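Here is the structure we will look at, set down as structure tokens.
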Number of protein chains: 2
Amino acid sequence: MTEPSDQAFADQTQDLLQRLRDAGHRLTTPRRAVIEALLILDTHPTADDLVANVASHYPEIHRSTIYRTLDALSEAGLVSHVHLGHGSAVYHLAGSHDHLHIVCSSCDRVAHADLGVLDDAKRKIQQRTGFEINPGHFAIPAICADCLESSSPGAC
Amino acid sequence: MTEPSDQAFADQTQDLLQRLRDAGHRLTTPRRAVIEALLILDTHPTADDLVANVASHYPEIHRSTIYRTLDALSEAGLVSHVHLGHGSAVYHLAGSHDHLHIVCSSCDRVAHADLGVLDDAKRKIQQRTGFEINPGHFAIPAICADCLESSSPGAC
DNA sequence: GCGCTCCTGCGACCATGTCGCAGGAGCGCA
DNA sequence: TGCGCTCCTGCGACATGGTCGCAGGAGCGC
């Protein structure tokens with residue numbers, strides 16, 4: 001319980017709580033719990049994953065509170081969410097995962113790529129449409145190499 | 001009822017129905033209705049738009065039938081759907097709209113761009129991750145020029 | 001320690017989509 | 001033309017992911 005990693009974990013938690021406070025929000029148990037869960041689940045938890053993780057430690061925390069907490073954290077700029085094609089969004093700490101998410105439509109595996117790969121597209125889209133794309137904020141559906149080999153390309 | 005555009009409309013409907021048949025499916029009223037609705041709503045109808053449009057002409061056609069019909073049409077390669085960030089997918093006839101969809105997260109306006117703008121990204125992503133992205137199949141969230149000017153850039 | 005105000009738990013609600021069932025209709029075949 | 005197999009449909013229940021309104025409780029500034 002007093003290992004360096006736990007210390008780092010506690011530090012990160014404190015830092016995030018402080019930033020949440022600085023943004024004008026109160027510090028409460030559910031918010032602590034959601035931040036802890038986000039730090040523990042450092043992959044790409046869906047809202048549902050977060051609900052499950054929080055519930056395992058704090059069964060009294062309600063689902064809707066977690067959604068509201070995620071809203072508050074988003075508003076404070078501490079958390080952002082990414083829509084993976086079909087259905088649920090995944091959440092992660094802002095800054096810690098600023099990269100592009102590429103999801104295999106077939107097996108749901110997620111790859112990451114540097115946001116730089118979209119620089120060219122970003123420039124062209126801005127020139128042609130005036131829209132400024134938001135590359136960290138969405139996932140690109142794709143087919144991973146394994147699924148590409150094992151399945152017929154016609155399946156979409 | 002006999003104008004050239006109506007003739008073209010009927011021709012397209014017949015063509016699509018024939019292709020559906022060739023793919024081994026039966027021709028039924030609901031399928032005709034969904035195809036007509038897709039031709040009429042040539043923007044980007046959500047499933048709900050389609051349900052509403054079909055219901056206005058054929059009130060007896062059930063919601064779930066429309067979803068199943070869209071499945072059948074997808075399977076036959078006549079229709080594809082695009083996930084716009086939050087929530088619902090939009091459907092359109094395959095081939096007729098092979099372009100990239102860029103959606104303003106703020107005002108929901110949709111811009112189109114040639115798929116070519118992603119060629120560079122596509123190549124880089126394939127090199128680095130082995131994933132083959134599927135550019136026509138998803139929408140990119142963005143901020144349109146108007147919303148970019150009128151709102152603070154911090155809002156995400 | 002007080003009290004304002006925000007936050008929480010609860011449960012109902014909504015939207016989008018899926019499923020299983022029983023009956024009806026399309027279409028291949030004779 | 002008519003028969004019959006099999007697919008398709010209408011229906012309603014269900015699943016999932018998320019939101020909302022309410023009344024009570026807790027954080028935090030003073």
Side-chain angles (χ1 to χ4, degrees), chain A residues 14 17-35 37 44-55 57-76 78-91 105 108 139, chain B residues 14 17-35 37 44-55 57-76 78-91 105 108 139:
Chain A
Q14 283 312 312
L17 287 169
Q18 189 55 49
R19 284 160 66 193
L20 188 58
R21 236 178 90 111
D22 291 347
H25 296 277
R26 294 182 182 168
L27 305 190
T28 64
T29 307
R31 293 178 174 187
R32 248 174 262 270
V34 169
I35 286 175
H44 297 84
T46 62
D48 206 53
D49 292 335
L50 286 168
V51 169
N53 185 279
V54 168
H57 296 92
Y58 307 85
E60 74 281 7
I61 293 179
H62 197 266
R63 208 165 60 96
S64 67
T65 301
I66 294 176
Y67 282 108
R68 282 189 282 223
T69 299
L70 288 169
D71 267 2
L73 291 169
S74 301
E75 202 185 307
L78 303 182
V79 159
S80 55
H81 63 281
V82 175
H83 293 282
L84 305 180
H86 59 297
S88 57
V90 301
Y91 294 82
S105 314
D108 282 344
Chain B
Q14 283 311 312
L17 286 169
Q18 190 54 49
R19 285 160 65 192
L20 187 58
R21 237 179 89 111
D22 292 347
H25 297 275
R26 293 181 183 169
L27 305 189
T28 64
T29 307
R31 293 177 175 189
R32 248 173 262 269
V34 170
I35 286 175
H44 297 84
T46 62
D48 204 54
D49 292 335
L50 287 168
V51 168
N53 185 278
V54 168
H57 296 93
Y58 307 86
E60 74 280 7
I61 294 180
H62 196 266
R63 209 164 58 93
S64 66
T65 301
I66 294 176
Y67 282 107
R68 283 189 280 224
T69 299
L70 287 169
D71 267 1
L73 292 169
S74 300
E75 200 185 309
L78 303 181
V79 159
S80 55
H81 62 282
V82 174
H83 294 282
L84 305 180
H86 59 298
S88 56
V90 302
Y91 294 81
S105 314
D108 283 343

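In what follows, chains carry the letters A, B, and so on, assigned in the order in which the sequence lines appear, proteins first and then strands, with residues in each chain numbered from 1. Since the model is a prediction, treat every value here as computed from it, not as a measurement.
Between B:D49 atom CG and C:dT16 atom P the separation is 9 Å, expressed in whole Å. In this structure, B:H81 atom NE2 and C:dT18 atom C1' are separated by 14 Å, rounded to whole Å. At whole-Å resolution of the value, CD1 in A:I66 and P in C:dC7 are 16 Å apart. The CD atom of B:E60 sits 15 Å away from the P atom of C:dG24 (whole-angstrom rounding). For the pair A:L17 CG and C:dC7 P, the interatomic distance rounds to 14 Å; values are reported in whole Å. In this structure, the CD1 atom of A:I61 is 12 Å from the C1' atom of C:dC7, given to the nearest Å. A:Y58 places its OH atom 15 Å from the C1' atom of C:dT8, with the value rounded to the nearest Å.
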Show each protein N/O and nucleotides 19-23 of chain D N/O combination with a separation under 3.5 Å, one pair to a line.
unit_1, atom_1, unit_2, atom_2, d
D:dG21, O6, A:R68, NH1, 3.1

Mind listing the N/O atom pairs, protein and nucleotides 26-30 of chain D, below 3.5 Å?
unit_1, atom_1, unit_2, atom_2, d
D:dG27, N2, A:R26, NH2, 3.0
D:dC28, OP1, A:L27, N, 2.8

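Under the salt bridge (Lys or Arg N to Asp or Glu O under 4.0 Å) criterion, B:R19 pairs with B:D15, sequence neighbours left out.
Residue B:Y91 comes nearest to B:T46 through the heavy atom pair CD1-C, 4.4 Å, listed as atom of the first residue, atom of the second, then distance. The two atoms that bring B:V51 and B:I66 nearest to each other are CA-CD1, 3.6 Å, heavy atoms only.
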* Take A:R21 and A:L17 through the side-chain contact (heavy atoms from CB on, under 4.5 Å) test and state the conclusion after the steps. => CA-CA 6 Å; A:R21 236 178 90 111; A:L17 287 169; over 6 Å; no
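Within the nucleic acid shown, B:A47 comes within 4.0 Å of sugar-phosphate atoms alone, with no base atom in reach, counting heavy atoms only.
Distance check: A:E75 CD to A:L20 CG gives 10.0 Å after rounding to the nearest 0.5 Å.
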Which atom pairs, donor and acceptor, lie under 3.5 Å between side-chain atoms of residues 67-74 of chain A and protein residues at least two apart or in another chain?
unit_1, atom_1, unit_2, atom_2, d
A:R68, NH2, A:S64, OG, 3.3
A:T69, OG1, A:T65, O, 2.8
A:S74, OG, A:L70, O, 2.8

Donor-acceptor pairs under 3.5 angstrom involving side-chain atoms of residues 22-33 of chain A: please list them, not counting sequence neighbours.
unit_1, atom_1, unit_2, atom_2, d
A:D22, OD1, A:Q18, NE2, 3.0
A:R31, NH1, A:R26, O, 3.1

* When Watson-Crick pairs (N1 to N3 and N6-O4 or O6-N4) and G-U wobble pairs (N1-O2 and O6-N3) count only below 3.5 Å on both distances, what is the dot-bracket string of DNA chain D, with | for other-strand pairs? -> ||||||||||||||||||||||||||||||
